[in-house]
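Data first, discussion second: the structure below is written as structure tokens.
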Amino acid sequence: MSSLNFDPLQLSIIVSALLVLVTGIYCLIYSRNIIRMIIAIEVMMKAVTLLLAFSGWLMGRIDLVQSFIITMIVIEVVVAVVAAGIALSVYRHNDTLDIDQLDELKG
Amino acid sequence: MNLPILLLLLGLMVVAAVAAVMIRSLLKSAIALAALSIVLAITLFFLGAPLAALFELSVCAGLITVIFISAISLTGNKPKEEEEEKIRERRARFLKLPIFLLIIGVFVSLAWIANGINISGISDPAAPTFQTFKNLFWNMRQVDILGQVIVILAGAFAVVVLFKERDQA
């Protein structure tokens, strides 16, 4: 491993976090279902959590980063709950979760 | 850290993320998201963040999955009523994703290796975590904790408003 001029661990973590982030962005762009869009946001947040933990591990400040991750998880849960509530209320109003059919800005 | 185990975990993470996005059934999607959370929790544990891993496991893999499953069952998961045309269109859209990911992964890896990038840092902290974490979380970030409490209360208030039954007939 010492003959390599790069750290395979750094490369694998950053590439996989990037791939998970891209998966979430792709789903957010191409999905038409509100619940699947919330799932895409969650997937993106997982990638950010991994990158945060990796940065803390790399710099030796894992305690600080742990407290950031816990704050982020709390925000993540509130976002998921509120978004699911909005999706539910959209469904009750329009009887659909397809964003292409939500084209009426009435009442 | 054991590199093969980490590589296996990271591979599982990418597979779970792609599954959460690509599976047609929303219920199975939510379960794939829970699997992604579990794999991320194990990775966090390996990176030396056991408390964050515990939170990830209990809150993200547990609570969020329950929220998603209840939202999906309340909105009615009806894949049978989807038209054949729509399903085919969706499949065509999402089949490009693995190819896209493969291209990005290979491109970034090759660029990284060609440039010999190394992020410098202290790679193996030997300091005890819990005592310092306690001090950091409860003594140095009190404003953040207050902010978290406000966010949780705002979330609870939003849920009460959103889930309220309307009086109109």
Side-chain angles (χ1 to χ4, degrees), chain A residues 1 5-16 18-20 22-24 26-27 30-33 35-36 38-40 42-43 46-47 49-50 53-54 56-67 69-71 73-78 80-82 84-89 91 97, chain B residues 1 3 6-7 10 13-14 17-18 20-21 26 29-30 33 36-37 40 43-44 47-49 51-52 55-56 59-60 63-64 67-68 71-72 74-75 93 97 100-101 104-105 108-109 112-113 116-119 121-123 125 129 132-133 136-137 141 144 148 151-152 155 158-159 162-163:
Chain A
M1 204 179 285
N5 60 345
F6 68 98
D7 188 353
L9 200 143
Q10 290 183 5
L11 174 66
S12 52
I13 289 184
I14 287 186
V15 167
S16 54
L18 183 74
L19 293 185
V20 174
V22 168
T23 307
Y26 190 95
C27 181
Y30 285 106
S31 182
R32 293 283 168 270
N33 187 304
I35 291 186
R36 200 174 290 279
I38 307 169
I39 289 179
E42 291 294 318
V43 167
K46 304 292 173 213
T49 308
L50 178 64
F54 174 61
W57 178 77
L58 202 63
M59 298 302 163
R61 301 296 304 274
I62 198 74
D63 302 309
L64 183 66
V65 164
Q66 273 197 99
S67 59
I69 292 175
I70 287 171
T71 308
I73 288 171
V74 169
I75 308 286
E76 194 179 328
V77 172
V78 173
V81 170
V82 173
I86 291 173
L88 197 59
S89 111
Y91 182 76
L97 282 174
Chain B
M1 194 190 301
L3 189 64
L6 188 81
L7 283 179
L10 293 172
M13 221 174 123
V14 176
V18 173
V21 165
L26 281 174
S29 248
L33 186 70
L36 173 60
S37 286
L40 178 64
T43 316
L44 287 179
L47 286 172
L51 289 169
F55 258 74
E56 179 74 33
V59 177
C60 290
L63 183 63
I64 290 188
I67 290 165
F68 273 127
I72 291 162
L74 280 172
T75 50
R93 249 189 281 137
L97 176 64
F100 190 54
L101 287 182
I104 290 181
V108 173
S109 305
W112 187 288
I113 294 168
I117 299 172
N118 257 317
I119 306 170
I122 311 155
S123 41
T129 52
T132 329
F133 171 80
L136 268 167
F137 192 72
R141 301 189 62 231
D144 280 4
Q148 282 182 50
V151 166
I152 291 171
V159 167
L162 285 168
F163 283 72

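For the numbers below, each heavy atom of this structure counts, side chains included, while hydrogens, waters and symmetry mates do not. Just so it is clear: chains get the letters A, B, ... in the order the sequence lines come, proteins before strands, and each one is counted from 1.
The parts of A/A53 that come within reach of chain B are both its backbone and its side chain, each placing non-hydrogen atoms under 4.5 angstrom from that chain. Both the backbone and the side chain of B/L101 come within contact range of chain A, with heavy atoms under 4.5 Å apart. When heavy atoms are compared at a cutoff of 4.5 Å, B/A49 approaches chain A by way of both its backbone and its side chain. For chain A, the nearby parts of B/V14 are the backbone and the side chain; heavy atoms of each come within less than 4.5 Å. Contact of B/L10 with chain A is made through backbone and side chain together, with heavy-atom distances under 4.5 Å. Heavy atoms of B/F68 lying under 4.5 Å from chain A belong exclusively to its side chain. With a 4.5 angstrom heavy-atom cutoff, A/L97 touches chain B only via side-chain atoms. Residue contact with chain A, scored on non-hydrogen atoms closer than 4.5 Å, involves the side chain of B/L36 exclusively. When heavy atoms are compared at a cutoff of 4.5 Å, B/L7 approaches chain A solely by way of its side chain, counted from C-beta outward. Looking at B/I113, the atoms closer than 4.5 Å to chain A (heavy atoms on both sides) sit in the backbone and in the side chain alike.
Contact count against chain B (heavy-atom pairs under 4.5 Å) is highest for A/E42 among A/E76, A/E42, A/R32. By number of non-hydrogen pairs under 4.5 angstrom with chain A, the leading residue of B/D144, B/I152, B/V21 is B/V21. Counting heavy-atom pairs under 4.5 Å between each of B/L63, B/L33, B/V159 and chain A puts B/L33 at the top. Counting heavy-atom pairs under 4.5 Å between each of B/L44, B/I64, B/V59 and chain A puts B/I64 at the top. The candidate with the highest count of non-hydrogen atom pairs below 4.5 Å against chain A, out of B/R141, B/M13, B/E56, is B/R141. Among A/V15, A/V65, A/I35, the residue with the largest count of heavy-atom pairs under 4.5 Å with chain B is A/I35. Among the candidates A/L88, A/V82, A/I69, the residue making the largest number of heavy-atom pairs closer than 4.5 Å to chain B is A/L88. Your options are A/V74, A/L11, A/I73, and the one with the most heavy-atom pairs under 4.5 Å with chain B is A/L11. Comparing B/A52, B/G155, B/A158, B/A30 by heavy-atom pairs within less than 4.5 Å of chain A, the highest count is held by B/A52. Counting heavy-atom pairs closer than 4.5 Å to chain B, the top residue among A/V81, A/I70, A/V43, A/T49 is A/I70. When the candidates A/I39, A/L18, A/N33, A/I38 are compared by the number of heavy-atom contacts under 4.5 Å with chain B, A/I39 comes out ahead.
The shortest heavy-atom contact between A/I62 and B/L47 is CD1-O, 3.6 Å. Annotation for B/C60 and B/S37: closest pair CB-OG, 3.5 Å, computed over non-hydrogen atoms. Summarising the geometry of A/A80 relative to B/I67, their closest heavy-atom pair is O-CG2, 4.4 Å, with the distance given to 0.1 Å. Across A/A40 and A/G24, no two heavy atoms sit closer than the pair CB-O, 3.5 Å. Nearest heavy atom pair, residue B/L51 against residue A/Q66, reads N-OE1, 2.9 Å. For the residue pair B/T75 and B/I72, the shortest heavy atom distance occurs at OG1-O, 3.2 Å.
Here the CG atom belonging to B/L3 is positioned 5.5 Å from the OG atom belonging to A/S12, to the nearest 0.5 angstrom. Taken from CD1 in A/I13 to CH2 in A/W57, the straight-line distance is 6.0 Å, to the nearest 0.5 Å.
Between the side chain of A/Y30 and the main chain of B/R93, no donor-acceptor pair closer than 3.5 Å is present.
Counting heavy-atom neighbours within 6.0 Å of B/F55 CZ, excluding the residue itself, gives a total of 12 or less.
Taking the side chain as every heavy atom from C-beta outward, A/V20 and A/L50 never approach each other to under 4.5 Å.
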